[in-house]
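Remarks on the structure that follows.
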Amino acid sequence: MSDASREPAPKLTLEVRDLHKSFGGQPALRGVDLVVPEGTTCVLMGVSGSGKTVLMKHIMGLMRPDRGVVLVEGEEVAKMDEPALNQMRRKLGILFQANALFDSLNVFDNVAFPLRERTKMSEPDIMKTVNETLGKVGLSHAATRFPGELSGGMQKRVGFARATILQPKILLYDDPTAGLDPLTTAAVNEIITTGKQQLGATSLVITPDVASAFGMADNLALMHEGRVVEYGPPDHFRQSQHPEVKAFLRNWLRRRSAQATPPQA
Ligand SMILES: Nc1ncnc2c1ncn2[C@@H]1O[C@H](COP(=O)(O)OP(=O)(O)OP(=O)(O)O)[C@@H](O)[C@H]1O
């Protein structure tokens, strides 16, 4: 920490300190500490049930901690009343497993929805903004199609366009590539990286796709049994001697090579 006096400390967009949460006496979070500096992407990894989604829900203010704090841009989420929570959520672009697109609205209207609901923008301005956004995600040709007529990857891109149309400063992704084929997964990962570059956004991403995680993260965090047990840039992770990191990466490599090996007759 000797450099601290020379370099200004990075601004922390997300800050989680000693976060605890139990359900019916069963601990899900056992003292999570995590920081995401402004403009960076942090990828949360960890086996199923390690607490990743519960942590994300605390950041969105959907769950209240038993102990500890979550700060979004320095403001404590648990102390926010409904209006303050709503205001805070406007800073968030949220992209979850289920895209939650409106099936009865076409692509244009899905993407326009936040602008119509939350701004006083005129229809001509909405048209311009939505068309620009659709262009950025390569969907200009699909504006009049309905979600049911799109591939999974296209639906993700619509979801991304809708989540980012208000230019949120913070993007939260929970398993955005779930169920997608490798090509579409690569496209979604690119979108996440583009989101960071184009919006300068701070991102927190949950993904089981370790290869993607290493590709997109400024920092990785491994959750294990309700705690972040290792945190740092990809190179730090590759060299980590932490037993849980080694076990996690070993398991991932084993699964990956099993998938690559054709089944024996
Ligand atoms: N609303 C809830 N009520 C009771 N238990 C819950 C609730 N939400 C989560 N849990 C429990 O908390 C623990 C952590 O769950 P969480 O969904 O955060 O795991 P995860 O790491 O996101 O897993 P996955 O990768 O499978 O999504 C699990 O044991 C889960 O059963």
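Whatever order the structure lists ligands and atoms in, that order sets their numbers, starting from 1.
- Interface atoms of ligand 1 facing Ser48, defined by a heavy-atom separation under 4.0 Å, are 23 (O), 24 (P), 25 (O), 26 (O).
- Atom CE of Met60 is surrounded by more than 12 heavy atoms from other residues, nucleotides or ligands within 6.0 Å.
- The environment of Glu76 atom CD is dense: over 12 non-hydrogen atoms of other residues, nucleotides or ligands sit within 6.0 angstrom.
- Using a 4.0 Å cut-off between charged side-chain N and carboxylate O, Arg238 and Asp235 make a salt bridge.
- Polar contact with ligand 1: absent for Gly46 (N/O pair, distance under 3.5 Å).
- Partners of Glu82 by salt bridge (Lys or Arg N to Asp or Glu O under 4.0 Å), not counting sequence neighbours: none found.
- Within the structure, the salt bridge (charged side-chain N to carboxylate O under 4.0 Å, His left out) test picks out no pair touching residues 25-51 (sequence neighbours left out).
- Open room surrounds NZ on Lys57; 12 or fewer heavy atoms of other groups in view lie less than 6.0 Å from it.
- Here's the thing with Gly51: one of its N/O atoms is less than 3.5 angstrom from an N/O atom of ligand 1.
- Of the listed options Gly49, Ala28, Gly226, Ser22, Gly49 places a heavy atom closest to atom 20 (P) of ligand 1.
- For Val47, the heavy-atom gap to ligand 1 drops under 4.0 angstrom.
- Scanning Val54, Ile206, Leu62, Asp174 for the heavy atom closest to atom 18 (O) of ligand 1 points to Val54.
- Shown in contact with Ser50 at under 4.0 Å from a heavy atom are these atoms of ligand 1, numbered in order with element: 19 (O), 21 (O).
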